[in-house]
2 protein chains.
Amino acid sequence: MTQDLPGFDLEHYVPYQFSVISAQLSANLAALYRDRFGISVAEWRILVNLAYSDSRTVRDIQQRVRLDKAKVSRAVVQLESRGLLTKEIDGTDRRLLHLELTDAGRQMVCELVPLANKFQDQVAQKLSLDIADLQSQLAHLMKELSDGETL
Amino acid sequence: MTQDLPGFDLEHYVPYQFSVISAQLSANLAALYRDRFGISVAEWRILVNLAYSDSRTVRDIQQRVRLDKAKVSRAVVQLESRGLLTKEIDGTDRRLLHLELTDAGRQMVCELVPLANKFQDQVAQKLSLDIADLQSQLAHLMKELSDGETL
DNA sequence: TCAAATTCGTTTCAGTTGCAACAAATTTCT
DNA sequence: AGAAATTTGTTGCAACTGAAACGAATTTGA
């Protein structure tokens, strides 16, 4: 005779729920970015960072948007070949690569951001939570997870 | 002169937040499952489903835990080779494959579930939300996303 | 000063992924 | 009944992924 199973419900298991929701959101967003602008989610994150932060090098961006540095490197190649950004070697430390949006890149960000915001609003509408609440709850959890050791 | 950028903050962009949190949780859980039991997250989901639902075939499991059917198929090969489940062809529809936990499989689930629950509790502690609240909010969003068209 | 250690971005490589093709089995439709 | 369409699970394949190796550049420290 085998021992009794302890109770468990995958459908309400929080890590599973996050995984399912994240995958769904990601798929929808990826389709949006791809269909209308021909870029990937990684490329989108990089464009946004160049537009809205002072992260200028692969290293800075890598830490900021939590992408593998290989992934950043490859995405940057794409973006450069499409004329959305330029690469320039730093004058004082020639290991560093300075990235800069081109006008076309900035233009694309201008068009993309409203769509991205609209998408987020639609998600928030599906929840009873206020969007600002949701954002701050998630920001809090993000911070907790990246700091502390879990288990 | 380029047009002004509309406001945007990636760090508080909900789909991005979900992606980061999900990746972090997933990495932690994957390490837990791998180190202590030598199984993957996909294998874990399959074990749990066999233990707690009446999903018995690859098709049922595929829909229930939202895994690609190829992924289920490959994970099942692994689980069978480790003696955690058995495959048996359905008597009346020989396309169907009935899966069944072995005693060893059930035993592993018994040991894993408390760890998984503990992990979830630690996550919930990091939020001000009650865990039941969190679960039901997420369940609601999951449902909304899988139903309606988004954008 | 200069050898060792570190940092940066790219590339290589082996493992994973998911889509599509596939064979086997069943169901549908006439 | 039986040809066509559908369903099921597996496999082939090409794209993607991330860890590690790598060369170039810089920093450290003896």
Side-chain angles (χ1 to χ4, degrees), chain A residues 19-20 22-31 33-35 38-46 49-50 54-81 85-100, chain B residues 19-20 22-31 33-35 38-46 49-50 54-81 85-100:
Chain A
S19 168
V20 170
S22 167
Q24 182 76 55
L25 292 177
S26 215
N28 289 348
L29 266 185
Y33 297 157
R34 174 174 36 75
D35 294 347
I39 62 172
S40 70
V41 171
E43 286 164 28
W44 151 251
R45 287 192 191 174
I46 291 168
N49 255 268
L50 290 176
D54 49 1
S55 312
R56 288 276 93 87
T57 67
V58 171
R59 172 183 52 129
D60 292 342
I61 292 176
Q62 174 202 172
Q63 295 166 347
R64 215 162 203 294
V65 304
R66 313 191 204 207
L67 290 173
D68 189 83
K69 72 176 175 176
K71 210 167 182 177
V72 174
S73 175
R74 292 189 260 246
V76 164
V77 169
Q78 279 300 310
L79 292 170
E80 187 194 26
S81 78
L85 57 75
T86 57
K87 294 178 174 182
E88 192 181 354
I89 293 174
D90 184 295
T92 67
D93 184 341
R94 311 185 3 152
R95 291 169 302 182
L96 269 49
L97 200 53
H98 278 259
L99 307 177
E100 191 92 37
Chain B
S19 169
V20 171
S22 167
Q24 182 75 57
L25 292 177
S26 217
N28 288 348
L29 265 185
Y33 297 157
R34 174 174 35 77
D35 295 346
I39 63 173
S40 69
V41 171
E43 287 164 26
W44 152 251
R45 287 194 191 173
I46 291 168
N49 254 267
L50 290 176
D54 49 1
S55 311
R56 288 277 91 87
T57 67
V58 171
R59 172 182 52 129
D60 292 342
I61 291 175
Q62 173 203 171
Q63 296 167 345
R64 215 161 202 295
V65 304
R66 316 193 202 202
L67 291 173
D68 187 82
K69 71 178 176 174
K71 206 167 182 180
V72 174
S73 176
R74 293 189 256 244
V76 163
V77 168
Q78 279 302 309
L79 292 171
E80 188 194 24
S81 78
L85 58 75
T86 57
K87 294 177 173 183
E88 192 180 355
I89 292 173
D90 184 294
T92 66
D93 183 343
R94 311 186 2 154
R95 292 170 302 183
L96 270 49
L97 199 54
H98 279 258
L99 306 177
E100 192 94 38

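Lettering follows sequence order; numbering is per chain, from 1.
Running 5' to 3' along DNA chain C, contacts with non-hydrogen atoms of chain A at under 4.0 Å begin and end at dT7(C) to dT12(C).
Across the protein-nucleic acid pair, Asp60(B) atom CG and dT7(D) atom P stand 15 Å apart, rounded to whole Å. Rounded to an integer number of Å, the gap from Gln62(A) CD to dA19(D) P is 11 Å. Ile89(A) places its CD1 atom 13 Å from the P atom of dA24(D), with the value rounded to the nearest Å. Distance, Asp68(A) CG to dA21(D) C1': 14 Å, rounded to whole Å. As a whole-Å value, the separation of Ile61(B) CD1 from dT8(D) C1' is 14 Å.
Rounded to the nearest 0.5 Å, atoms OG (Ser40(A)) and CG (Leu29(A)) are 12.0 Å apart. Put simply, CD on Gln62(A) and OG on Ser55(A) are 11.0 Å apart, with the number rounded to the nearest 0.5 Å. Here the straight-line distance linking atom CD1 of Ile89(B) with atom CG of Leu96(B) works out to 10.5 Å at 0.5 Å rounding. Taking CD of Glu43(A) as the start and CG of Leu85(A) as the end, the distance is 9.5 Å to the nearest 0.5 Å.
Legend: residues meeting salt bridge (Lys or Arg N to Asp or Glu O under 4.0 Å) with Arg95(A), ordered by chain and number and at least two apart, are Asp93(A).
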Q) Does the side-chain contact (heavy atoms from CB on, under 4.5 Å) test come out yes or no for Asp90(B) and Leu97(B), once each step is laid out? A) CA-CA 6 Å; Asp90(B) 184 294; Leu97(B) 199 54; over 6 Å; no

Q: Evaluate the criterion side-chain contact (heavy atoms from CB on, under 4.5 Å) for residue pair Thr86(B) and Glu80(B); output intermediate values, then yes/no.
A: CA-CA 6 Å; Thr86(B) 57; Glu80(B) 188 194 24; 5.9 Å; no

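Listed pair Lys71(A) / dA15(D) fails the phosphate criterion, with no side-chain N or O lying under 4.0 Å from OP1 or OP2.
Nearest-nucleotide mapping onto DNA chain D: of Ala70(B) and Arg59(B), the residue sitting toward the 5' end is Arg59(B). The residue among Arg74(A) and His98(A) whose nearest nucleotide of DNA chain C is located toward the 5' end is His98(A).
Test Ile61(A), Leu50(A), Ile39(A), Val65(A) against Arg45(A) for side chain to side chain contact (heavy atoms under 4.5 Å, CB included) and you get one pass: Val65(A).
A donor-acceptor contact shorter than 3.5 Å links the side chain of Arg56(B) to the backbone of Leu99(B).
Residues from residues 90-97 of chain B that place a heavy atom under 4.0 Å from any atom of DNA chain C, listed by number: Thr92(B), Asp93(B), Arg94(B), Arg95(B).
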